[in-house]
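All remarks here apply to the structure that follows.
Every number for a ligand or one of its atoms is a count from 1 in the order of the listing. From a predicted model like this one, the values you see are computed outputs, not experimental measurements.
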Amino acid sequence: MATVQQLSTKHVLGIKYLSEADIRLIFETAGSFKEVINRPIKKVPSLRDVTVANLFFENSTRTRISFELAEKRLSADVVNFSASSSSVKKGETLLDTVNNILAMKVDMVVMRHPAPGAHHFLAQHIDANIINAGDGTHEHPTQALLDAFSMQEKVGDLAGKKVVIFGDILHSRVALSNIFCLNKLGAQVRVCGPPTLIPKYIGDLGVEVSHDVWDSLKWCDIANVLRIQLERQDIKYFPSLREYTQYFGLNKTLLDSLDKPIVIMHPGPINRGVEISSDVADSGHSIILQQVENGVAVRMAVLYLLAAMR
Ligand code: CP
């Protein structure tokens, strides 16, 4: 594939709207920024005079800190907004909140919002570049980009590589964005979890479906483990967490029984002892902290490339 010099879009609303060339350009740029953030002086002036607003209408630890660090490493001016301490609590609409922030001359908006599609709505109404930092159960594009970048760093080109996404696929924006991203990069993708936590027509996205953890572990090169999103579940999808762990949790006994090493990933936050045991999460096969490190470089790349589209 020929390398392109710029993105095909001025927003990153979802992996669905990025081309394979966009993704590869982001990875190439992230590779350069990874070198920068490992230097003694970690800062470059690329986004000097650019103001970025981080609008978080939902809780976050990793994504929020990672974006803020990425923006600061690029010398952007940064403003942070948290819904829990804002006038949203007094009944202000999303559009009014954002327009008030933009009136203060903000160039780029990074937003996490519980409503799927909130970013598409904003993109129709405001001129700033918008980056989706997670919209409900829909997409989390920068998580998928950092996941695929980390996979590629570990196992090389992803074409033909076998990736299983384990866990609560039904409520996971990480799963959907990973599926779109891995498909575009030519990986083979399988989802594995209880039937109640797997969307009925997910096979239409070109993924295999399994409910057998052992068979899926034997099949894959990479296991990306997701947590059970209890906060999004309005009914009971399985009898108990204990039973979930027994049938779908990854543990050392299972991994030691494989005749090959596999790469273990998790986007966080981890529920230790539920979907993954501590000795697996902290093992030499786990790249969970490398994912976090790569998140800063990947988000620097996304911000830098979008700023060039202004
Ligand atoms: N992986 C992820 O999105 O984590 P946070 O919810 O802490 O941002």
For [X], counting its heavy atoms only, list the atoms of ligand 1 lying under 4.0 Å from any of them.
X      : result
Gly268 : 1 (N), 2 (C), 4 (O)
Thr61  : 5 (P), 7 (O), 8 (O)
Thr63  : 2 (C), 3 (O), 4 (O), 5 (P), 8 (O)
Pro267 : 1 (N)
Gln143 : 1 (N), 2 (C)

>> Quick test: of every protein heavy atom, which one is nearest to atom 4 (O) of ligand 1, and how far off is it to 0.1 Å?
In response: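 For this ligand atom, the closest protein heavy atom is Arg62 NE, 3.1 Å.
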Among protein heavy atoms, which sits nearest to atom 6 (O) of ligand 1, and what does the distance come to when rounded to 0.1 Å?
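Answer for atom 6 (O) of ligand 1: Arg112 NH1, 2.9 Å.
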How about Asp22 and Ser19: does a side-chain donor come under 3.5 Å of a side-chain acceptor?
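Judged by distance alone, the side chains do pair up.
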**Study point:** Check ion pair Asp212-Lys218 (N to O, under 4.0 angstrom)
**Key:**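 Lys218 and Asp212: not salt-bridged.
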- Glu58: heavy atom below 4.0 Å from ligand 1, yes or no?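 Distance cut 4.0 Å: Glu58 fails for ligand 1.
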Practice task
Any chance you could lay out the salt bridge (charged side-chain N to carboxylate O under 4.0 Å, His left out) test for Lys10 and Asp127, step after step, and finish with the verdict?
Solution key: CA-CA 10 Å; Lys10 68 173 275 196; Asp127 191 38; 3.3 Å; yes
Check: Are His113 and Phe121 an aromatic pair by the rule of ring centers under 6.0 Å?
Finding: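 Centroid distance His113-Phe121: not below 6.0 Å, so no.
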Would you mind telling me which of Val191, Val174, Asn178 makes a side-chain contact (heavy atoms from CB on, under 4.5 Å) with Ile169?
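Result: among Val191, Val174, Asn178, Val191 is the only option passing the side-chain contact (heavy atoms from CB on, under 4.5 Å) with Ile169.
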Going by side-chain contact (heavy atoms from CB on, under 4.5 Å), Glu275 matches just one of Ile270, Leu250, Val280. Which one?
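Result: among Ile270, Leu250, Val280, Ile270 is the only option passing the side-chain contact (heavy atoms from CB on, under 4.5 Å) with Glu275.
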*Cation over ring, Arg299 on Phe67, under 6.0 Å and within 45°?*
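The answer is yes; both the distance and angle limits are met.
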Output yes when the distance from some N or O of ligand 1 to some N or O of Ser60 is under 3.5 Å, and no in every other case.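 For ligand 1, there is an N or O atom that lies under 3.5 Å from one belonging to Ser60.
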